Amino acid sequence: MTHADALRAELSRAARTLGAPDDVSPILERPRDPSFGDWATNLAMTLAKPLGKKPRDIAEALIAAMDMASVGVTAAEIAGPGFLNFRLDPGFQARGLLTILESPNTFGRLDIGHGERVVVEFVSANPTGPLHVGHGRQAALGDAISTLLEYTGWNVDREFYYNDAGAQIANLAKSTQAQVRAIGGAPLEIPEGGYHGDYIREIAERYVAEHPDDAAGDDLAAMQAYAVAALRHEQDLDMQAFGVKFDTYYLESSLYTDGSVNKTVEGLRASGHTYEEEGALFLRTTDFGDDKDRVMKKSAAKGGDYTYFVPDVAYHVTKWERGYHRAINVQGADHHSTITRVRAGLQALDIGIPKGYPDYVLHQMVTVMKGGEEVKISKRAGSYVTVRDLIDEVGRDAVRYFYLMRKGDSQLVFDVDLARSQSEENPVYYVQMAHARMCGIFRVGEIDATTVTGSGVDLGVLAEPAEQELVKQLLDFPATVKGAADNLEPHRIAAWLLETARAGHTWYHKHHVLGEPEAITRARLVLARATQLGIAAGLRILGLSAPERM
RNA sequence: GCGCCUAUAGCUCAAUUGGAUAGAGCAUCUGACUACGGAUCAGAAGGUUGGAGGUUCGAGUCCUUCUAGGCGCGCCA
C-alpha cells in the first residue's frame, strides 16, 4: 500500500463519519504549486451536494475527524473554494523509498491484468517493401504498450500479421518478374500498380543468381515466394535493429489454407446479415453502425475474390479463439475505417465476442522532411525513408524516444536533416545522463549499490526542498504507470522520466552525497539508489537502455 | 458532402481525465566549473489555450457552432 492509498483510506473513513456514502473515493492530487503542500483533495467540494453543506464547512469537519498522525500528515489547510491541502512529515514520506530498494524489479508494477492474456498487434506491414518511418512509430508504440501491459499484470503476446495474400502480393510477384526479365534483356515494363523501388531490382538479381533454371522468369509462384521471403527477412532485421521482438507471426495466407476464411464466410451467410447484389456478396455492416454495406466477395466479373476485410474478420476470430479476450491493434489513422468493418463482422457472427473487440490505438501519420521538403511516402513509387536509415543516423534510443515522447494522436514531423543535430539535444540523453550520474556516485564512492538497503537509516534528514521534490517525484511512478497503462499512452512515462531527471539533476547539483556527515551520506545514498532504480525502470518500459556511464 | 483526429509560448510538445497562478525541451538573453561527470545547474523573457457562444463553485479539458489542417469515405489493402 502506498502512502497515497493510506491517506485516501483515512479520508474515506473520516468522510463516512460525516455521513458520506460508503463508496466515497477521494481523489488525491499533487498540487501544481508546491507551497500548497504535498497532497491536495477536492473531496469537500464533491461532498457539498450530497451532504447539503458548504464545502469549507465540510473541509473543517474532515480535518477534525481525521487521525493525521497515523498517515504522516503534519498540517492540513483549507484553501480556495474548499481544497484540502496536506503537508507530510519529510521522514515519513521518504520511507516510501524503501519499497524501491527492497524490490527494484517490482517497483511500479501492478496487477490489473491478473495474468490474463492479451495480444498486441502492431507493424503488420505488407511484405512488399522495407519498413518506413511510419512503421517505426508503430513499432515503438506497440512495443511500449506491450511492456506497459506486462508491467501491469497482463500476459502479453506481440503479434505481427503478414498480409501475404491478395492483390498487393500479386503485384509484387509481377514487379519482380518484370525485373527478372529485364535482367534477361527484355525492356523493363513494371506492371500497373506495381512496385518501383530499387529493392525489387536487387531481389530480382538474387533470384536470377539462385535460380539458373528460371532465367526467363516464367515461374511466378517461385518469384512470389522468393520476394516475400526476402522482404520478410529484411523487415525482421529492421525490427531487430530497433530492438523489437515479436512472439507470433500470423500469416494471412494460412487463413485460406486452414479453412478459416471459408468458415467465417459460412458463419456470416448463416447469420442472415448477407445478401447478393449484382453478382457480389455483401455484408450488411449498416446493421452494426457502418455508413454503408461492404462487399465480401467480388462478382465474377471482378475476379470473384474475397475483399480484404473477410480474412481480417477471420483473423480476429482466431485471436478470440486462441484465448485472447483482450486484443489491441496499433494502426495508422489511415486504417481507421476498418475498425467499424471488422467489429461489424465479428458481431454479425454472433459467437460471443464483445462489442468493442478488438481495441484500437490509432496514431496519426508521420511526415518526413528532407532537404526542407516533404517526402511523399509511397512504396509503389519507391520513395521513402526507412526505419533502418533513421536508426543508423541517430541511434536506437533517440529514435524510440522521439516516437514515444508525444501522444499518438498528434501528427509527427520527422525532419531527417535535423535528426542528427536534434539527437544531441534529444531529451533521452538528459534522462540517461541523470541515471549515469547516480551510478557515478556509487562508482566514485566505491560502494556496491545493491548493498544500500536503507535499513537503520534516518531518512528524516532528507528535508531539503530539492530532496523532498525528488522523493515525491519518484513515489509518483506507480500512479504514472497506472495512468499510462489504463490509457495505453506510453508518452506519460516519457514525461515522468523527464521530470524525474530534472529533479535528479537539480538535487545532484545542490547537494553532495559523498564526504558529508555519515548520517547525511547514508540517507542520500538511499535517495541516489532509488533515483537510479526509478529512472532505469521507466527507461525499460519504453525499451530504452539505462547506461551506467555515457 | 459525411465520418475520425488535431489546433496550447518563435519551434516541438505536456497538463494527474473538470481543479488553484496553463508547464517543459529547443531557440534567445544573463550568470555558475579547485568537491560524486558542465551531455549540468541558477535565472530572465516568451500565452486572449484557433474564433464565438453555452454548461457550473471552477473549462485547455465537456456541449453547440464557425475557421484551418491531416486521414478516411473502392467489387484496393
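Please read all numbers here as calculations on a predicted model, not as lab measurements. Every chain is numbered from 1 and lettered A, B, ... according to where its sequence line falls, protein lines coming before strand lines.
With centres under 5.5 Å and a plane angle under 30°, the ring of A/His512 is stacked against the base of B/C36. In this structure, the aromatic ring of A/Tyr430 is not positioned over the six-membered ring of the base of B/A39 within 5.5 Å between centres and 30° between planes.
Nearest nucleotide to the A/Met550 side chain, out of B/A39, B/C36, B/A24: B/A39. Ranking B/A77, B/G72, B/C75 by closeness to the A/Ala280 side chain, first place goes to B/C75. Of the listed nucleotides (B/C41, B/G37, B/U16), B/C41 has the atom at the smallest distance from the side chain of A/His505. Taking every side-chain heavy atom of A/Lys302 into account, B/C75 is the closest of B/C75, B/A14, B/C36. The side chain of A/Thr506 lies closest to B/A42 when the candidates are B/A42, B/A20, B/U17. Across B/A35, B/C75, B/C36, the shortest atom-to-atom separation from the side chain of A/Val444 is found for B/C36. For A/Asn163, the side-chain atoms get nearest to B/A77 when compared with the rest of B/G72, B/U17, B/A77. For A/Glu516, counting side-chain heavy atoms from C-beta on, the closest listed nucleotide (B/A35, B/A77, B/A20) is B/A35. Distances from the side chain of A/Met45 to the nucleotides B/A20, B/G3, B/C57 place B/C57 closest. The listed nucleotides are B/U40, B/C71, B/A77; the one nearest the side chain of A/His509 is B/U40.
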Subject >> Steps toward side-chain hydrogen bond (donor to acceptor under 3.5 Å, both in side chains) verdict (A/Tyr360, A/Arg343) >> reply: CA-CA 11 Å; A/Tyr360 283 86; A/Arg343 286 182 179 164; 6.0 Å; no
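A donor-acceptor contact under 3.5 angstrom links the side-chain atoms of A/His336 to the base of B/G3. Taking 3.5 Å as the limit, the base of B/A20 and the side chain of A/Asn85 contain a donor-acceptor pair of atoms between them.
Across all strands shown, A/Glu548 has no heavy atoms under 4.0 Å from either base or sugar-phosphate atoms. Residue A/Gly440 is in sugar-phosphate contact alone, with no base atom involved, counting any heavy-atom pair closer than 4.0 Å across all strands shown. A/Arg406 comes within 4.0 angstrom of sugar-phosphate atoms only, judged by non-hydrogen atoms across all strands, and of no base. Heavy atoms of A/His363 sit nowhere under 4.0 angstrom from any nucleic acid atom. If you check every strand for non-hydrogen atoms under 4.0 Å, A/Asp334 touches sugar and phosphate atoms only. Counting non-hydrogen atoms under 4.0 angstrom, A/Ser299 reaches a base of the nucleic acid. Note on A/Glu278: a base of the nucleic acid sits closer than 4.0 angstrom, heavy atoms only. If you check every strand for non-hydrogen atoms under 4.0 Å, A/Ala48 touches nothing.
For the pair A/Arg437 and B/A39, the criterion of a side-chain N or O lying under 4.0 Å from OP1 or OP2 is not met. For the OP1/OP2 pair of B/C41 and a distance below 4.0 Å, the side-chain nitrogens and oxygens of A/Tyr508 include no atom meeting the criterion. For the OP1/OP2 pair of B/A15 and a distance below 4.0 Å, the side-chain nitrogens and oxygens of A/His491 include at least one atom meeting the criterion. Contact annotation: A/Lys292 reaches the phosphate of B/G74 (side-chain N/O to OP1 or OP2, under 4.0 Å). Checking the phosphate oxygens (OP1, OP2) of B/G25, a side-chain nitrogen or oxygen of A/Arg502 falls inside 4.0 Å. In this structure, A/Thr307 does not reach the B/G74 phosphate: none of its side-chain N or O atoms is under 4.0 Å from OP1 or OP2.
Counting heavy atoms from C-beta on, the side chains of A/Arg30 and A/Asp476 come closer than 4.5 Å. Contact check for A/Gln168 versus A/Tyr195: side-chain heavy atoms found under the 4.5 Å cut-off.
Comparing A/Trp39 and A/Phe442, the nucleotide of RNA chain B nearest to each residue sits closer to the 5' end for A/Trp39. Both A/Ala501 and A/Phe36 lie close to RNA chain B; mapped to their nearest nucleotides by heavy-atom distance, the more 5′-ward contact belongs to A/Phe36.
Base-pair partner of B/U12: B/A24 (Watson-Crick or G-U wobble, both distances under 3.5 Å).
The aromatic rings of A/Tyr151 and A/Phe477 lie perpendicular to each other, with more than 60° between the two planes, well past the 30° mark.
Of all non-hydrogen atoms in A/Leu346 and A/Pro358, the two that sit nearest each other are CD1-CD, 4.0 Å. Scanning all heavy atoms of the two residues, the minimum distance from A/Leu47 to A/Ala15 falls at CD1-CB, 4.1 Å.
Listed in residue order, the members of residues 470-481 of chain A having a heavy atom less than 4.0 Å from RNA chain B come to none.
Applying the 90° cutoff around 0 to the glycosidic angle, B/U17 is assigned syn.
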For nucleotides 6-10 of chain B, print each protein N/O atom paired with a nucleotide N/O atom at under 3.5 Å, atom names and distance only.
from : atom 1 : to       : atom 2 : distance (Å)
B/U6 : OP1    : A/Asp409 : OD2    : 3.4

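By the 6.0 Å contact criterion, NZ on A/Lys472 is enclosed, its count of non-hydrogen atoms from other residues, nucleotides or ligands being greater than 12.
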